[in-house]
Amino acid sequence: MLRIISVLVLLFSSLGAVADTLKLADNAPDSHTVVKGDTLWGISGRFLQQPWRWPEVWRLNRVQIRNPHWIYPGQVVYLDRSGPYLSLDKPGDTGTQKLQPGIHESDIKPIASVPLDAIDAFLTQPLVAADGDQMQQATIVATEEGRLNTSKGDTIFARNVPPSVYDWQVYRRAEPIIDPLTSELLGYEALYLGTARVRQGGEPATLQITSSEREIGVGDRLVPAVEPETLAFLPHAPQGKVEARVVRMHDNLFHAGKYAVLGIGAGRNAALEPGHVLAIYRTRADATYDHEGKPETYKLPEQRIGLLFVFRVFDRVSYGLVVDSDGPVKIADMVRQP
């Protein structure tokens with residue numbers, strides 16, 4: 001199934017002024033032709049110093065774009081510096097199009113808000129639970145012919161599988177997510193293994209593995225499968241105060257850069273939601289200076305090193321994509337309002 005993150009842009013009903021603080025990027029072009037691989041974030045970054053504020057400046061021509069949530073390769077984005085505004089119309093264009101005979105492509109895909117392939121797998125995984133025992137609601141108790149590990153096409157048997165649920169995701173036992181500074185338990189992240197479908201109910205139920213990314217065995221957990229959301233991300237800053245730490249790196253990396261997925265120690269408890277944009281700050285260690293035999297300690301200032309685009313939110317943990325980075329992001333770096 002193709003997972004599409006719809007590009008959600010704001011169609012102004014009036015020509016109201018944009019916030020005074022919004023500034024054009026240095027050497028902003030007068031226009032840009034959309035090409036395959038472009039993202040709305042990247043296009044807006046050509047024109048704006050703060051590309052996440054693109055909903056404030058877009059104007060759309062409904063004649064050109066039948067679905068105002070999508071922008072396609074081949075269309076031209078124009079900059080009106082009086083706003084500033086971004087538009088798919090030439091200045092003074094009435095929207096009339098002259099049709100010409102020719103061959104037209106029918107499989108052109110709309111551009112995404114952010115690079116889709118960077119977060120595609122994370123729209124349904126990983127799973128974060130407040131209590132590790134939630135992973136034990138359904139458990140694999142046996143495999144066909146006593147195999148230690150199974151993969152796609154194999155049969156497994158599981159307990160606690162309700163008769164109303166047919167499609168399942170398979171996870172390894174949950175791993176705790178710990179705040180790197182306070183050692184506070186924020187939740188449990190499970191390792192995604194694959195998917196399975198019920199073939200016969202009962203206790204235990206009989207399931208067939210329909211996909212596998214890692215070997216699946218006895219003791220692994222099952223949770224009901226969820227359809228990946230077709231998310232319409234409207235980037236915006238959180239209304240309330242947000243201060244959280246980077247607590248998770250994909251594949252247990254020590255640092256990450258642009259287009260990496262990070263976990264942060266804040267979620268619904270901090271009123272975060274998909275589409276929120278947060279600034280990432282490098283936390284520097286305290287410095288000690290020996291002044292004539294007397295040590296003096298100085299707290300060094302933070303350094304802003306990037307932006308995080310939140311796309312999945314749990315109770316106390318959220319996942320976001322690093323969309324801008326001036327240096328490596330590390331565990332315990334701070335995130336807050338941009």
Check your understanding: Does R268 come within less than 4.0 Å of E273, counting only side-chain N to carboxylate O?
Key -> no
Result block: side-chain N/O donor-acceptor pairs under 3.5 angstrom for residues 202-211, not counting sequence neighbours:
residue : atom : partner : partner atom : Å
E203    : OE1  : N160    : N            : 3.2
E203    : OE2  : N160    : N            : 3.3
Q208    : OE1  : R199    : NE           : 3.2
Q208    : OE1  : R199    : NH2          : 2.8
Q208    : NE2  : G153    : O            : 3.3
T210    : OG1  : T195    : O            : 3.2
T210    : OG1  : T195    : OG1          : 2.6
S211    : OG   : T195    : N            : 3.4
S211    : OG   : T195    : OG1          : 2.5

Exercise for review: Please answer: with hydrophobic residues joined when any side-chain heavy atoms are less than 4.5 Å apart, are I43 and Y259 in the same cluster?
Suggested key: yes
Practice item. Flag the pair D220 / T139 as yes when at least one side-chain heavy-atom distance between them is below 4.5 Å, and no otherwise. Key: no
Review point. With no hydrogens and no angle check, is any side-chain donor or acceptor of D38 less than 3.5 Å from a backbone partner on K36?
Key: no
Point to revise | Atom of R197, atom of D167 and distance for their closest heavy-atom approach | key: NE-OD1, 2.7 Å
Review point. So does Q200 have more than 12 non-hydrogen atoms from other groups sitting under 6.0 Å from CD?
Key: no
Check your understanding: Rounded to the nearest 0.5 Å, how far apart are OG of S44 and CD of Q49?
Key -> 13.5 Å
Check your understanding: Side chains of D154 and R147: closer than 4.5 Å at any heavy-atom pair?
Key -> yes
Check your understanding: Which pairs count as salt bridge (charged side-chain N to carboxylate O under 4.0 Å, His left out) when at least one residue sits in residues 320-330, sequence neighbours excluded?
Key -> none
Check your understanding: Is the Y171-Y192 ring centre distance short of 6.0 angstrom?
Key -> yes
Review point. Between the side chain of E215 and the main-chain N/O of S151, is any donor-acceptor distance below 3.5 Å?
Key: no
Check your understanding: If you look at every heavy atom in V247 and I331, which pair is closest and at what distance?
Key -> C-CD1, 3.6 Å
Check your understanding: Same hydrophobic cluster for M334 and L262, using side-chain heavy-atom links shorter than 4.5 Å among ILVMFWY?
Key -> no
Check your understanding: Are any non-hydrogen side-chain atoms of Y319 and F314 less than 4.5 angstrom apart?
Key -> yes
**Study point:** N-O pairing of R248 and E175 below 4.0 Å
**Key:** yes
Exercise for review: Using a 4.5 Å cut-off on heavy atoms from C-beta on, say whether the side chain of I264 contacts that of V317.
Suggested key: no
Practice item. Say whether V165 and I156 are linked into one hydrophobic cluster, either directly or through other cluster members, by side-chain heavy-atom distances under 4.5 angstrom. Key: yes
Point to revise | Test item: L193 and S212 side chains (from C-beta on) under 4.5 Å apart, heavy atoms | key: no
Study note, to complete from the structure: For L24 and P84 the tightest heavy-atom approach is CD2-CB, 3.7 Å
Check your understanding: Q337 side chain to G240 main-chain N or O, any donor-acceptor pair under 3.5 Å?
Key -> yes
Exercise for review: Answer yes or no: is there a side-chain heavy-atom contact under 4.5 Å between V313 and P274?
Suggested key: yes
Using atom types as modelled, flag every donor-acceptor pair under 3.5 Å from a side chain in residues 297-310 to any protein atom, sequence neighbours excluded.
residue : atom : partner : partner atom : Å
Y298    : OH   : E296    : OE1          : 2.5
E302    : OE1  : R336    : NH1          : 2.6
Q303    : OE1  : R284    : NH2          : 3.3

Practice item. Report yes or no: does R81 contribute a side-chain atom to a donor-acceptor pair with the main-chain N or O of L79 at less than 3.5 Å? Key: no
Exercise for review: Might you confirm whether atom CZ of F157 has over 12 heavy atoms from other residues, nucleotides or ligands at distances under 6.0 Å?
Suggested key: yes
Review point. Which atom pair, heavy atoms only, marks the closest approach of S318 to L272?
Key: OG-CD1, 3.8 Å
**Study point:** Same cluster (ILVMFWY, side-chain, under 4.5 Å), V198 and I140
**Key:** yes
**Study point:** Heavy-atom side-chain proximity of R172 to R221 below 4.5 angstrom
**Key:** no
Exercise for review: List the steps and the verdict of side-chain contact (heavy atoms from CB on, under 4.5 Å) for Q50 and V277.
Suggested key: CA-CA 11 Å; Q50 298 171 303; V277 177; over 6 Å; no
Point to revise | Closest approach of A266 to A270 (non-hydrogen atoms, all atoms of both residues) | key: CB-CB, 4.0 Å
Point to revise | Minimum heavy-atom distance K258-V323, with the two atoms named | key: CE-O, 3.4 Å
Exercise for review: List the steps, then state whether side-chain contact (heavy atoms from CB on, under 4.5 Å) holds for V335 with Y281.
Suggested key: CA-CA 6 Å; V335 294; Y281 291 86; over 6 Å; no
Check your understanding: Same cluster for V141 and V218 if Ile/Leu/Val/Met/Phe/Trp/Tyr side chains link at under 4.5 Å?
Key -> no
**Study point:** Check: I178 and L185 side chains under 4.5 Å, non-hydrogen atoms
**Key:** yes
